[in-house]
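Have a look at the structure below, then the notes.
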Amino acid sequence: MGIVCPDESKRIEIEEFRRMLLSNAAVHRTKAGDEFQNPGQLPAANRHNRELEEKKVCVTSGVSFLGIAIINQLLLRGYSVRVIVEKQEDLEKLREMEISGEMRQSMNTVEAVMARLNDIQSLSQAFSSCRGVFHTAAFVDPAGLSGYSKSMVEVEVLITKNVSQACAITPSVRNCVLTSSLVACVWQDINSSRTIDHDCWSDESICIEKKLWYALGKLKAERVAWNIARESGFKLATLCPGLVTGPEFISRNPTPTIAYLKGAQEMFRNGLLATVDVNRLAVEHILVFEDMKNTSYNRYISFDQVIRSEDELEKLARETGIDIRTMRSNSRTNSSNTVKLSNAKLCCLMSTIHRCHNEF
């Protein structure tokens, strides 16, 4: 395996096209002469080429904490992966990850392509020949204290809109998996809903009132993606994960972590502060993508732990370096006042591979 740059990628695509033409020609002629064979009798090489085409996907924000985990799981399952990078330093980071072993070694191709996320045509060119797109939506705002200020809301919405429209106009793309967030589900009037599941949406006015810009950005971006998918007809699935954790997650994923935990006090008191391991979440993305052969549109909530006790809260605080004193105030509430989280829909999909931790 090696990181393939755009120029080299073109050469490989031309060579693959030439081999495909030769194999197609071989379908119709016998060695003895010019008699034509049954077109339905495809040679093994041609079938293999078709299988490879079906396993070519694109990952946005591929150098992010979740992006790398998804790439590794895709390679493990025999996919060829095209990674969108926006600048040269992202390409260098990919190479460093490959050398360090953070990116899994594989016989399959990892291809890095420069594309502008604010340009639909640039994205469509990057998606060309890919069957699916994983939009992990990992953004950093250097001007924001938490890395996700109010201005990032519209940035996230615009880029998700561009990715969705690029999926819609790219003939090869059939499916898109969008990473949203659990905070796009939980910020609502809890007195009117005692269970939060995949059908729940955060209230935009509550997000604005509490200045929960990360939640607002994820909420609005996901809704835009759904609108475009339904209007254009391409298949979309979204995952709404809890706080993404894993090895050194606070240093490797600081922007989403800090932004997600704004409002953590209230989420904890209401029984809605949940986490999910990055590798588990990556597997879930791929299983959801593969299940899209059988379904059109789906939305899932993902978590593997709900932070309920103060000991669990203190552990999370140590891992993130966040002061928990304000989080503990008024935290001792009657369990009947907490809202229940349900990831039952995703558990059904995961049950054949993992024992699912289902919170009810």
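Small disclaimer: the values here were computed from a predicted structure and weren't measured.
- Side-chain atoms of N270 never come within 3.5 Å of backbone atoms of L272 as a donor-acceptor pair (strictly under, hydrogens ignored).
- A salt bridge between R308 and E312 is absent, with no side-chain N of the basic residue lying under 4.0 Å from a carboxylate O of the acidic one.
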Could you check E54 against Y79 for side-chain contact (heavy atoms from CB on, under 4.5 Å), going step by step and ending with a plain yes or no? CA-CA 9 Å; E54 294 299 316; Y79 286 84; over 6 Å; no

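- Between the side chain of T160 and the main chain of A221, no donor-acceptor pair closer than 3.5 Å is present.
- Counting only distance, with no hydrogens or angles, the side chain of T60 and the backbone of I84 share no donor-acceptor pair below 3.5 Å.
- Linking Ile, Leu, Val, Met, Phe, Trp and Tyr residues whenever their side-chain heavy atoms come within less than 4.5 Å leaves L219 and L158 in two separate clusters.
- Defined by atom type and a distance below 3.5 Å, a donor-acceptor pair is missing between the side-chain atoms of D197 and T195.
- In this structure, F134 and H285 have tilted ring planes: the angle between them lies in the 30° to 60° band.
- Side-chain contact of R280 with S302: a donor-acceptor pair under 3.5 Å is absent, judged by distance alone.
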Atom pairs and distances, side-chain donor-acceptor, residues 237-249, under 3.5 Å, sequence neighbours left out:
| unit_1 | atom_1 | unit_2 | atom_2 | d |
| --- | --- | --- | --- | --- |
| T238 | OG1 | E222 | OE2 | 2.8 |
| T245 | OG1 | V276 | O | 3.3 |

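- Looking only at distances, no side-chain donor or acceptor of S124 sits under 3.5 Å from a matching main-chain atom of I120.
- Proximity of a side-chain donor or acceptor of K220 to a complementary backbone N or O of E204 within less than 3.5 Å is not detected.
- For the pair R82 (side chain) and A112 (backbone), a donor-acceptor distance under 3.5 Å is absent.
- Side chain of T170 to main chain of V173: no donor-acceptor pair is present (N/O by atom type, distance under 3.5 Å, no hydrogens or angles).
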Stepwise, does the side-chain contact (heavy atoms from CB on, under 4.5 Å) test hold for V183 with M267? CA-CA 9 Å; V183 292; M267 285 191 285; 4.2 Å; yes

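- The closest donor-acceptor contact from the side chain of D304 to the backbone of D277 lies under 3.5 Å.
- Put simply, the side chain of S122 never gets that close to the backbone of A115: no donor and acceptor are under 3.5 Å apart.
- A donor-acceptor contact under 3.5 angstrom links the side chains of Q73 and R77, judged on distance only.
- Of the possible polar contacts, one joining the K345 side chain to the R299 backbone as a donor-acceptor pair under 3.5 Å is found.
- Salt-bridge check for E156 with K218: passed, with a basic side-chain N closer than 4.0 Å to an acidic carboxylate O.
- With no hydrogens or angles considered, no side-chain donor-acceptor pair links S80 and K55 at under 3.5 Å.
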Working note: N343 + Y300, criterion side-chain contact (heavy atoms from CB on, under 4.5 Å); need CA distance, chi angles, decisive distance, verdict. CA-CA 7 Å; N343 57 358; Y300 303 89; over 6 Å; no

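- When all heavy atoms are compared, the tightest approach of A229 to L236 is CB-CB, 3.7 Å.
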